[in-house]
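When a ligand or atom number is given, it counts from 1 through the structure's own listing order.
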Amino acid sequence: MKIAELLQKKRTLSFEVFPPKADIPMDGIVETLSRLYDFKPDFISCTYGAGGSSRGRNIEVCTAVQKSGHLAMPHFTCIGNSRDDIRVLAKEYAAMGLENVLALRGDFPAGWEGTRGDFSYASDLISLLGAEFPGLCLAAAAYPEKHISAPSMEMDIAHLRLKQDRGAQFLMTQLCHDVTAFERFLEKIRKAGITIPVVAGIMPVLVAEPTIRMTIYNGCSIPAELASIFGKYQHDPESFTKAGTEYTVTQIHRFIAAGINGLHLYTLNKWKKITEILKTAGIHDSSF
Ligand code: FAD
């Protein structure tokens, strides 16, 4: 099933997981996945480590998801990949029955200045996959507060438009704690002729230090409401997680009200907290 077709029919519920490191057994991720399946998710995406470091594990996780009867969407990046590497992998995906791929440039590993592959941008990867693997439904990344290295929002949206024009069929957004900024972004991309569905990525606020680190790393803002949670509880981990959980529940309702086409939870492989957040938000399965 192609996710773009699903998005024409309904608002989707989906999860992002990351694969375990090579020397870690699969048991933990298998348990996480089985708990996430309780929500009857429309699909589960799996990240791809910088430079392809977790490529084998990414495929293992996607295989486990597909075998359980659920839809898997691997993330895939240009980093370190030649045209032929990309073709080999796309054939592997097709042989596994995978029909959906999140096509990314990828973040440069430390010390790299470019992708060290044949392509510099996600739109180039999308062009190749779209032309040579028309059976794949392609998703692309989008940045409600602009990509950190884009010179302006206008330029970033022009590059996003290119991803649509070259074959991306839906968008998945970067973490964004500012729903007003997200709404402005939606308005701007629609004005720019970007018509494909937008699935919002929701980053749960659970632990202070990684929340700040990821937000800064991606050049995103921290609205006053979230800043006050840091101010009050950053040295009290238990209270921080409690307030962050409540904040995430409220954010989910705000994102839904903003008119998103799908809700995608960055689970950080923490199924217990994700279960609590979704149930508190009144979401028990993908028919929310
Ligand atoms: P691009 O669309 O290529 O954009 C990168 C930058 O280049 C932007 O600033 C853009 O404006 C600019 N640009 C684009 N096209 C052009 C052009 N033709 N000329 C000049 N400038 C241009 N990373 C991983 O390594 N593994 C993952 O699994 C992963 N999963 C992700 C999932 C989601 C939902 C998101 C939002 C991001 C994910 N990332 C992942 C991070 C992503 O790889 C980085 O944000 C990366 O820096 C940009 O990827 P992109 O596909 O958006 O790149």
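Salt bridge D118/R83: present, at least one basic N to carboxylate O contact under 4.0 Å.
When the options F170, F43, F15 are evaluated for a ring pair (Phe, Tyr, Trp, His ring centres under 6.0 Å) with H264, the one that passes is F43.
Remark: distances from the non-hydrogen atoms of Y266 to ligand 1 include one below 4.0 Å. Look at S149 and you'll find a heavy atom under 4.0 Å from some atom of ligand 1.
Heavy atoms only, all atoms of each residue included: L175 and N218 are closest at CD2-ND2, 3.6 Å.
Note: no N/O pair closer than 3.5 Å links S120 and ligand 1 by distance alone. At under 3.5 Å, not a single nitrogen or oxygen of S123, backbone or side chain, sits near a nitrogen or oxygen of ligand 1. Residue H75 has at least one N or O atom closer than 3.5 Å to an N or O atom of ligand 1.
With contacts defined as side-chain heavy-atom distances shorter than 4.5 Å, the pair P74/L98 qualifies. Residues F185 and E183 have side chains not in contact (no heavy-atom distance under 4.5 Å, counting atoms from C-beta outward).
Among L171, I79, L104, T77, the residue whose heavy atom lies closest to atom 39 (N) of ligand 1 is L104. Comparing F119, F76, Y48 against atom 24 (C) of ligand 1, the shortest heavy-atom distance belongs to Y48. With distances taken over non-hydrogen atoms, the option nearest atom 14 (C) of ligand 1 out of Y121, Y217, Y143 is Y121. Of the candidates P151, G49, A139, A141, the one placing a heavy atom closest to atom 35 (C) of ligand 1 is A141. Of the listed options H159, Q174, E16, H159 places a heavy atom closest to atom 21 (N) of ligand 1.
A donor-acceptor pair shorter than 3.5 Å cannot be found between the side chains of S127 and D124. In the model, S68 has a side-chain atom that pairs as donor or acceptor with a side-chain atom of Y37 under 3.5 Å.
Classification of the Y121-H159 ring pair by plane angle, with boundaries at 30° and 60°, yields parallel.
Heavy atoms from both the backbone and the side chain of R105 come within less than 4.0 Å of ligand 1. Residue L102 touches ligand 1 through its side chain alone, judged by heavy-atom distances below 4.0 Å. Of all the heavy atoms of K163, the ones lying under 4.0 Å from any atom of ligand 1 belong exclusively to the side chain.
In summary, the atoms of ligand 1 found under 4.0 Å from a heavy atom of T47, numbered by their order in the structure, are 28 (O). Applying the 4.0 Å criterion to heavy atoms of A150 picks out, from ligand 1, the atoms 9 (O), 11 (O). Close contacts between ligand 1 and G106 involve ligand atoms 25 (O), 43 (O), 46 (C), 47 (O), 49 (O) [criterion: under 4.0 Å to a heavy atom]. Counting the atoms of ligand 1 from 1 in the order shown, those under 4.0 Å from a heavy atom of D156 are 8 (C), 9 (O), 10 (C), 11 (O).
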Q.
Show, in sequence, the C-alpha distance, side-chain angles and deciding distance for E5 and K9, and conclude whether the salt bridge (Lys or Arg N to Asp or Glu O under 4.0 Å) test is met.
A. CA-CA 7 Å; E5 287 168 15; K9 296 183 195 148; 5.7 Å; no

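Take E154 and apply the side chain to side chain donor-acceptor pair (under 3.5 Å) test, not counting sequence neighbours, and it matches no residue.
Listed by first and then second residue, the ring-ring contact (aromatic ring centres under 6.0 Å, His included) pairs that reach into residues 203-238 are F230-F240, sequence neighbours excluded.
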